[in-house]
Amino acid sequence: MKYRTHHCGKLRLSDTGQQVTLSGWVQKTRDLGGMTFIDLRDRYGITQLVFNMKTDPALCEQARELGREYVITAAGQVAERSNKNPNLPTGDIEIIVNSLQILNPAEIPPFTIEDQSDGGDELRMKYRYLDLRRPPLQRNLMLRHRMAQIIRRYLDDQGFLEIETPVLIKSTPEGARDFVVPSRLHAGRFYALPQSPQIFKQLLMVSGYDRYMQIVKCFRDEDLRADRQPEFTQIDCEMSFVTQEDILETFEGLAKELFNKVLHVEIHGEFQKITYEQAINIYGSDKPDLRFGMQIRELTAEVSNSEFQVFNQAEYVGGICAPGAAGFSRKQLAPLTDYVKTPQIGAKGLIYVKYNENQTFKSSVDKFFDGPALQIWADHFDAQPGDLLLIMSGEREQTLKALGTLRLEMASRLDLIKPDHYVPLWVVDFPLFEWNEEAQRFTAMHHPFTAPKPEDIPLLDQDPGKAHANAYDLVVNGVEIGGGSIRIHDAALQEKLFEALGFSPEEARERFGFLMDAFQYGAPPHGGIAFGFDRWVALFAGLGSIRDVIAFPKNNMARDVMMESPASLNDSQLNELGIRIRKK
RNA sequence: GGUCACGUAGUUCAAUCGGUUAGAAUGCCGGCCUGUCACGCCGGAGGUUGCGAGUUCGAGUCUCGUCGUGACCGCCA
C-alpha cells in the first residue's frame with residue numbers, strides 16, 4: 001500500500017477529480033449527523049475529508065469514531081467544495097473519501113494541538129512531542145533549519161570549511177563551570193564538555209585551515225535564563241591573516257544575508273560601531289537597544305553646587321528624557337520609583353522633572369532647584385515642553401546600569417519600540433579584563449586568548465584594568481547575538497596574559513601547554529567570532545525566549561521535564577566509573 | 001546563593017472581608033442534526049484546591065515549611 005500521494009497542504013482546485021491518498025493526524029471531526037467532516041493535518045497543512053451517510057454509511061460511521069490525533073490514511077477523490085473556506089490554502093477543495101484506515105489510535109491529548117494551545121508551559125514541556133506538532137513550533141524549527149542552510153551556504157561561498165571538533169575535552173580553569181564526564185577507562189579522571197570549541201579553532205588556524213566554521217553545541221553549567229540554556233548552539237568561526245575590520249566586514253555580510261533572505265529586511269550601509277565605553281555611558285548597557293533614542297546624559301557637573309546633599313555626595317548624576325511623558329501622574333510615577341528601587345535594579349530613588357507644555361517645571365526636587373536651574377537641565381537633555389526627565393544618582397557604574405534598565409522600561413511603557421524594526425550594531429573596544437570581587441583578581445572579559453590592543457600591552461603590567469582588547473559584539477535590538485576577538489598568536493604574549501590572570505606558569509602549562517607549544521610552530525595572526533544561533537533564531541522568530549526555537553529544551557532549573565533528566569545512576573554504573581555519591 | 005510571582009475539574013481560569021453545596025468556558029462521554037470549518041442544539045460525568053503543618057468555631061483564601069513552574073539579580077571567559 002501507499003501511505004500518501006500528496007501531503008495535506010498540497011491539493012488545489014486544479015487537482016479536482018484526482019484519486020489521491022493522504023496520511024496524517026485527525027485535527028478535528030465535525031459530525032453533522034448525515035455527513036461528517038474531518039480536518040487531516042500534517043506539517044504541510046490541513047485538508048478536509050468528507051464522508052456522507054447516504055453514499056457510504058459504513059465508512060461514515062467509521063469516520064465518526066475517529067478521535068483527535070488518530071493517525072489515519074484516507075484515499076478518495078479531490079472535489080470542489082460547495083462551501084469554500086478562504087482561511088485555508090486547501091479551502092477550495094475536499095476529499096470525498098472512499099477508503100479509510102486507522103494507522104494508530106491516540107489517547108486524548110492533554111492540551112489542544114492548535115496555533116493557540118490551551119495548555120500551559122509546564123504541561124506543554126512534559127508532552128513536548130505533542131507541542132512540537134503545533135504549527136508555531138513547526139514554523140520555528142523550520143526557520144531554524146532555513147537559517148542554518150543560509151549560514152552554511154554563505155560561509156561556504158566565502159571559502160569557510162566546516163570542521164568538527166571534539167565534545168569530550170578537558171576542563172579549563174577560566175570561564176563558566178564545565179559539565180563533566182567521568183572516564184571509565186581512567187577512573188578518577190574526567191572529560192569536560194566544551195564551553196566553546198575555542199582552542200580547537202585556534203589550533204586549526206595553526207594548522208592552516210584559514211577559514212573555519214561550525215554550527216556546534218556548547219555546554220555551560222551556569223544558572224539559566226529565558227535566553228540561556230545549559231546546552232546551546234553556536235555558529236563558531238575563525239579566520240587567519242585578518243584584521244578586526246576584515247572579520248566585521250565578513251560577518252556583517254552574513255548578518256545582512258540573513259536579514260535579507262529570512263526577514264526580507266534590507267540593512268543599508270555599514271552597521272553602526274560604538275565603543276564599549278560609549279555604550280555604557282549613553283545606554284547603560286553593553287548591548288544597547290538602538291531602536292529608540294532616550295539616551296542617558298550625565299548631569300554631575302551641572303548639579304554639583306546645590307543644597308541637595310544626595311546629588312552633592314554622588315559620584316555620578318545622570319538621567320534620561322522621556323519624550324511626551326510630562327503628563328505622567330503620581331499614580332504612574334510612584335510604581336516607576338518602586339520599580340527602580342527593587343533589589344534587582346538597586347537604585348536608591350528616582351527624581352523626576354516635568355517640563356510642562358506651558359514651559360513651567362514641576363519636579364520632586366523643587367525645594368532645591370528653581371526654574372532657571374531646571375531649565376539648564378532641560379536644555380542639557382535637549383528636552384521639549386511635554387517631556388519628562390528622570391534622574392538618578394549614586395555610584396557611577398551602578399547608576400548607569402540602573403538608568404539603562406529604566407530606559408528600556410520607559411521605552412516599553414511609552415510604546416517606543418516598533419516590532420519588525422531591526423537595528424544592528426557592533427560594540428567594540430571591550431576592556432581586556434574585569435575585576436572579579438569573589439576571586440579578588442582580574443578575569444578575562446572575553447576569554448584568555450583575546451589579544452590586547454597593541455598600544456595597551458604596556459598596561460598589562462601597569463594598570464591591567466585599563467587595557468582594551470580587539471574584541472567586539474554584534475548586538476541587535478538589545479540582544480547580544482555574537483562576539484569575538486582578535487586572538488593572541490604569540491606564545492610569549494599568551495604567557496604574559498596567563499600571568500596577568502593569576503595563573504602560575506605551571507598551571508598555565510598544565511592547562512594550555514599544548515596551545516603554547518603550537519604557537520611555537522608558526523601560528524598565523526587570527527581572530528574569529530561566535531554567534532548564539534538559538535538567540536538569533538529567536539530574534540528572527542520574534543520570541544524573547546530561546547526555548548521555543550529548540551526542539552527539546554531544558555527548563556530554568558536545567559531539567560528536561562519530559563525525560564526527567566538529570567537522573568541518578570545505578571550502583572553498577574557508579575562502580576564502573578569509580579564514583580561514590582557523597583550523602584548531602 | 002538571593003528576590004518576586006504562580007500552583008483550584010483533562011485544560012485555561014473564577015470564587016467578595018476567612019463563611020454554608022468550589023463555579024464558568026473549553027475539552028471529554030451520550031443523544032439529535034446533510035455543507036461544516038471556533039459547526040449547532042439537548043443531556044451527563046468530571047475536584048485530595050500541589051503536598052505537610054499551624055492559626056481559627058470555620059481555610060481554596062491567613063502563617064510557616066516543602067515540592068513544582070516561570071521571571072529576574074548574582075553567575076554566564
Side-chain angles (χ1 to χ4, degrees), chain A residues 27-40 46-55 57 60 64 67-68 79-88 90-91 94 96 107-127 172-178 194-196 198-199 218-230 232 338-339 341-346 398 401-402 405 430-434 436-439 442-450 469 471 480 483-485 497 501 530 532 544-545 547 555-559 561 564:
Chain A
Q27 172 79 24
K28 189 143 224 178
T29 64
R30 289 180 294 278
D31 179 1
L32 272 61
M35 58 195 319
T36 289
F37 298 97
I38 289 180
D39 289 340
L40 189 67
I46 283 178
T47 297
Q48 176 167 281
L49 311 177
V50 62
F51 300 84
N52 197 309
M53 212 43 134
K54 207 164 246 175
T55 49
C60 195
R64 294 168 80 161
R68 280 160 58 201
E80 181 173 2
R81 291 200 201 182
S82 57
N83 277 351
K84 298 188 171 58
N85 184 349
N87 301 318
L88 227 53
T90 62
E94 63 195 351
I96 300 171
E107 293 289 312
I108 296 155
F111 51 86
T112 58
I113 314 294
E114 290 167 358
D115 274 41
Q116 287 291 332
S117 175
D118 63 359
D121 292 345
E122 206 172 332
L123 203 61
R124 291 190 353 250
M125 286 293 266
K126 183 167 177 194
Y127 298 92
T172 52
E174 279 285 287
R177 294 181 183 90
D178 287 312
Q195 301 173 24
S196 85
Q198 182 61 36
I199 292 172
C218 302
F219 306 86
R220 293 178 190 175
D221 187 7
E222 294 293 344
D223 287 2
L224 275 50
R225 291 285 189 281
D227 63 348
R228 275 172 16 198
Q229 285 273 306
F232 61 100
D338 293 342
Y339 171 71
K341 282 161 103 171
T342 55
Q344 272 78 2
I345 300 178
Q398 196 192 334
K401 198 177 162 202
T405 309
F430 275 78
L432 186 61
F433 300 116
E434 61 190 337
N436 185 314
E437 271 303 326
E438 203 177 327
F442 284 107
T443 57
M445 187 140 184
H446 184 49
H447 56 54
F449 317 108
T450 301
E480 183 197 324
S485 62
L497 242 100
L501 289 168
S545 165
R547 273 176 219 164
N555 74 5
N556 69 346
M557 286 300 288
R559 271 199 276 256
V561 297
E564 295 181 316

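Naming: A, B, ... by sequence-line order, numbering from 1 per chain.
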Inset, instruction - Whole angstrom is fine here: how far is it from CE in Met35(A) over to C1' in U34(B)? - result: 5 Å

Inset, instruction - Using a cut-off of strictly less than 4.0 Å, decide whether Arg81(A) has a side-chain nitrogen or oxygen near OP1 or OP2 of C37(B). - result: no

Legend entry - Gln195(A) vs His447(A) side-chain heavy atoms within contact, under 4.5 Å: no

Legend entry - Distance between P atoms of C42(B) and G27(B) (Å, rounded): 14 Å

Inset, instruction - Indicate yes or no: at least one non-hydrogen side-chain atom of Met35(A) is less than 4.5 angstrom from one of Val50(A). - result: yes

Inset, instruction - Measure the distance from CE on Met445(A) to C1' on C76(B) and round it to the nearest whole Å. - result: 12 Å

Legend entry - Sugar-phosphate only, base, or nothing, as touched by Glu94(A) at under 4.0 Å among non-hydrogen atoms: base

Legend entry - Side-chain N or O of Arg547(A) closer than 4.0 Å to phosphate OP1/OP2 of A71(B): yes

Legend entry - Phosphate OP1/OP2 of U36(B): any Arg30(A) side-chain N/O under 4.0 Å: no

Inset, instruction - Can you measure from NZ (Lys28(A)) to CZ (Arg68(A)) and round to the nearest 0.5 angstrom? - result: 8.0 Å

Legend entry - NZ/NE/NH1/NH2 to OD/OE distance under 4.0 Å, Arg30(A) and Asp39(A): yes

Inset, instruction - Just call it for Val561(A): base, sugar-phosphate, or nothing, with non-hydrogen atoms closer than 4.0 Å on any strand. - result: sugar-phosphate

Legend entry - Nearest to side-chain heavy atoms of Phe37(A), which nucleotide of G27(B), C75(B), U36(B): U36(B)

Legend entry - Nearest-nucleotide pick for Asn87(A), side chain only, options being C76(B), G27(B), A38(B): A38(B)

Inset, instruction - Check the angle between the aromatic planes of Phe433(A) and Phe442(A) and answer parallel, tilted or perpendicular using the 30° and 60° thresholds. - result: tilted

Inset, instruction - Return the value, rounded to whole Å, for the distance between atom CG of Leu123(A) and atom C1' of C13(B). - result: 15 Å

Inset, instruction - Answer yes or no: does a side-chain N or O of Arg124(A) lie under 4.0 Å from OP1 or OP2 of U11(B)? - result: no

Inset, instruction - Using atom CG of Asp178(A) as one end and atom P of C75(B) as the other, report the distance to the nearest whole Å. - result: 18 Å

Inset, instruction - In whole angstrom, give the distance that lies between atom NZ of Lys28(A) and atom P of G35(B). - result: 19 Å

Legend entry - Among G68(B), C33(B), C28(B), the one nearest Ile108(A) by side-chain distance: C28(B)

Legend entry - Out of U36(B), U69(B), A71(B), whichever nucleotide has its closest atom nearest the side chain of Asn555(A): U69(B)

Inset, instruction - Report the distance from atom CG of Asp221(A) to atom P of G1(B), rounded to the nearest whole Å. - result: 12 Å

Legend entry - Listed nucleotide nearest any side-chain atom of Ala226(A), set G10(B), A71(B), C28(B): A71(B)

Inset, instruction - Kindly say if Lys401(A) contacts the phosphate of G74(B), meaning a side-chain N or O under 4.0 Å from OP1 or OP2. - result: yes

Inset, instruction - Report which part of the nucleic acid Arg225(A) touches: base, sugar-phosphate, or nothing (heavy-atom distance under 4.0 Å, all strands). - result: base

Inset, instruction - Determine whether Thr443(A) and Glu174(A) make a side-chain contact, defined as any pair of heavy atoms from C-beta on separated by less than 4.5 Å. - result: yes

Inset, instruction - Looking only at side-chain atoms of Arg220(A), point me to the closest of G1(B), A71(B), C76(B). - result: C76(B)

Inset, instruction - Nearest-nucleotide wise, let me know which of Asp223(A) and Phe449(A) is further upstream toward the 5' end of RNA chain B. - result: Asp223(A)

Inset, instruction - Among the candidates A38(B), C75(B), C37(B), find the nucleotide nearest to the side-chain atoms of Gln48(A). - result: C37(B)

Legend entry - Pro110(A), nearest nucleotide to its side chain (from C28(B), G10(B), G70(B)): G10(B)

Legend entry - Atom pair distance, as rounded to whole Å: CG in Asn52(A) and C1' in G35(B): 10 Å

Inset, instruction - Figure out the CE/P separation between Met557(A) and G68(B), and round it to whole Å. - result: 7 Å

Legend entry - Of the listed nucleotides C72(B), U69(B), C76(B), the one nearest the side chain of Gln344(A): C72(B)

